Amino acid sequence: MFKEKVLKYNEKNKLFNKGDRIIVGVSGGKDSVCLLDVLDKCREEFDLSLLVLHVNHGLRGEEADRDEAFVKALAAERGLPFYSERVDVRAVADEMKMSEEEAGRNVRYRIMQSVCMERGYNKIAVAHHQDDVAETVLFQLFRGSGPRGISGIFPKREYLIRPILFAQSSEIDDYIKQNNLDFCTDSSNMDETYSRNKVRLRVFPYVEKEINNKAKIHVAEAAHKISLQYAYIDRQAKKIYMRIVHADRGEYYYNCEEFDQLDIVIKVEVIRLLLKNFRESVKDINESHYRMIIGLSGKEAGKKVMLPGFICAEKQYGCVRFKNQMQDGGPLYCRKCVPPFEEVIEIRRERMLVCMDVIPRENLLKEIPQKDYTKWFDYDKIKNGMCFRNPMAGDYFIMDASGNKKKLSRYYIDEKIPASERKKEIVLADGNHVMWAVPGRISNAYKVTEETKRVLVVVAALN
């Protein structure tokens, strides 16, 4: 039975556990209806708390409104809480200079993550399945992606889970029929202006008819094998990265002699890991960029490679150093952040995924949990905007309700942090006022009180 397959897949991949609070992304289509139904059937056995979430993209008019109403009724039938949000995806796509398809995906994940933080859920379940894997792999291959891009879709990535990823579309069809489940049909799935739809509607039907009727299965299986091989390469690259890449006040460098001894595949992965210190996505760093960076080892000192996002790689004596050109003449490492915010930041030699969003005070849990890497702040007390950065002269905390100050340097002394390490620390700052010395103390001035109207939630998790 399908549920037993889901439980077996869950056991293998450790997707959800007893007591989990899971947001289920439901569009109203058959895949997401199948996902919701099977998780609902697991609810009592696993003591799951489910929330049904729907995003109306505003692209299909009355049809989109119909889908939203259907999902709302579906949640009500099952006695599940429901959350929906309407977004003008076309406007987002225009503003961000991306396709409507990509903008819609980004919006969905941002909303799900925000609700997850706001309402105290710890997992987000989405309804990708095996056919999606095959279509994604082929689409990425046509775009020129390397092993990472054609590794397919993973069952789990941090808090995001895909419990029916193993299933073929035909299995989901059978489940829907056997359980007499209603669902909505999205007319945009037949719109061939979307690139992925062309792959699904034209490419695979032709290949399955003319070459191999199990093409989708074979592509998905190949992606799985590639993902296992890439996972091994990734583990090796991370070990080498930790050995040869050094951080220095927001800049990163490696010794050319050590780097030149590496295999070309590992060189590319080490560079990719290094660049992710500056930006979460490196999609616009292409093969020619990697070749130029690798070639810097053999160049004379002073030669540079300028990369998208103001990143500069420069050959220096015996090493190649990477820095953000925007920081020249300014403070040390600095990342301005405007909620909603998501970025990978290196904190005490650990890569942390930092997320932040603003929520109404009434939506916050009455008792704020005491967790080192989750903090809550009164958003309306922030005066100068926020940034994650290294410490600077003049930084201070407000220690108590009376407004007594304490220098950040004094705090580091009290915490017995060596002087040589203090410049590498990370703080969340409002001007020179330190809101949070990550992962330790927060300033009393930003504490959430009964008078707080809006709460800034900041979560940091190992990446």
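Here the structure is a predicted model, which is why all the values come from computation and not from measurement.
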Open item on the list: Between K381 and D430, does any NZ, NE, NH1 or NH2 come within less than 4.0 Å of an OD or OE carboxylate oxygen?
Closed with: no

Task: Ring centres under 6.0 angstrom apart (F322, Y253) - done: no

Open item on the list: If we ignore hydrogens and angles and just use 3.5 Å, is the side chain of N212 paired with the main-chain N or O of K214 as donor and acceptor?
Closed with: yes

- [ ] Would you verify whether the NZ or CZ of R454 falls within 45 degrees of the ring axis of Y379 while also being under 6.0 Å from that six-membered ring's centre?
- [x] no

Task: Residues, nucleotides or ligands: over 12 heavy atoms within 6.0 Å of R66 CZ - done: yes

Task: Within 45° cone and under 6.0 Å: K72 NZ/CZ vs F82 ring - done: no

Open item on the list: With salt bridge (charged side-chain N to carboxylate O under 4.0 Å, His left out) as the criterion, how do R200 and D131 come out once you've worked through the C-alpha distance, each side chain's angles and the decisive distance to 0.1 Å?
Closed with: CA-CA 9 Å; R200 186 178 74 255; D131 289 35; over 6 Å; no

Task: K41 atom NZ, over 12 foreign heavy atoms within 6.0 Å - done: yes

Task: Distance-only polar pair, side chains of N122 and D20, donor-acceptor under 3.5 Å - done: yes

Open item on the list: Closer than 4.0 angstrom, basic N to acidic O: yes or no for D173 and K177?
Closed with: no

- [ ] Carefully, step by step, assess R361 and E451 under the rule salt bridge (charged side-chain N to carboxylate O under 4.0 Å, His left out).
- [x] CA-CA 9 Å; R361 174 67 176 88; E451 287 72 43; over 6 Å; no

Task: E210 atom CD: more than 12 heavy-atom contacts under 6.0 Å - done: yes

Open item on the list: For D234 and K239: C-alpha separation, side-chain torsions, deciding distance, then whether salt bridge (charged side-chain N to carboxylate O under 4.0 Å, His left out) applies.
Closed with: CA-CA 9 Å; D234 188 51; K239 289 178 184 177; over 6 Å; no

Task: Interatomic spacing from CZ in R162 to OH in Y9 - rounded to 0.5 Å - done: 9.0 Å

Open item on the list: If I take atom OG from residue S49 and atom NZ from residue K123, how far apart are they, to the nearest 0.5 angstrom?
Closed with: 12.5 Å

Open item on the list: What's the separation between atom CZ in F388 and atom CG in L428, rounded to the nearest 0.5 Å?
Closed with: 4.5 Å

Open item on the list: Once rounded to the nearest 0.5 Å, what's the spacing between atom SG of C355 and atom CZ of F341?
Closed with: 9.0 Å

TODO: Report yes if the side chains of Q130 and L165 come closer than 4.5 Å at any heavy-atom pair, otherwise no.
DONE: no

TODO: Could you tell me whether E45 and K18 have a side-chain N and a carboxylate O separated by less than 4.0 Å?
DONE: no

TODO: Report yes if the distance between the aromatic ring centroids of F2 and F166 is under 6.0 Å, otherwise no.
DONE: yes

Open item on the list: Between the side chains of E4 and K8, is the shortest nitrogen-to-carboxylate-oxygen separation below 4.0 Å, so that they form an ion pair?
Closed with: no

TODO: Would you check if there is a donor-acceptor pair between the side chains of Y241 and E269 at a distance under 3.5 Å?
DONE: no

Open item on the list: Side chains of E208 and N213 only: does a donor on one sit below 3.5 Å from an acceptor on the other?
Closed with: no

Open item on the list: Assess whether a salt bridge exists between D263 and K267, defined as any Lys/Arg side-chain N lying under 4.0 Å from an Asp/Glu carboxylate O.
Closed with: no

Open item on the list: Is any side-chain heavy atom of I172 closer than 4.5 Å to one of H129?
Closed with: yes

Task: I176 side, atom CD1; D37 side, atom CG - distance, nearest 0.5 Å - done: 7.5 Å

- [ ] Report the C-alpha distance between E342 and R110 in whole Å, list the side-chain angles of each, state the deciding distance to 0.1 Å, and finish with yes or no for salt bridge (charged side-chain N to carboxylate O under 4.0 Å, His left out).
- [x] CA-CA 9 Å; E342 179 177 334; R110 179 187 65 75; over 6 Å; no

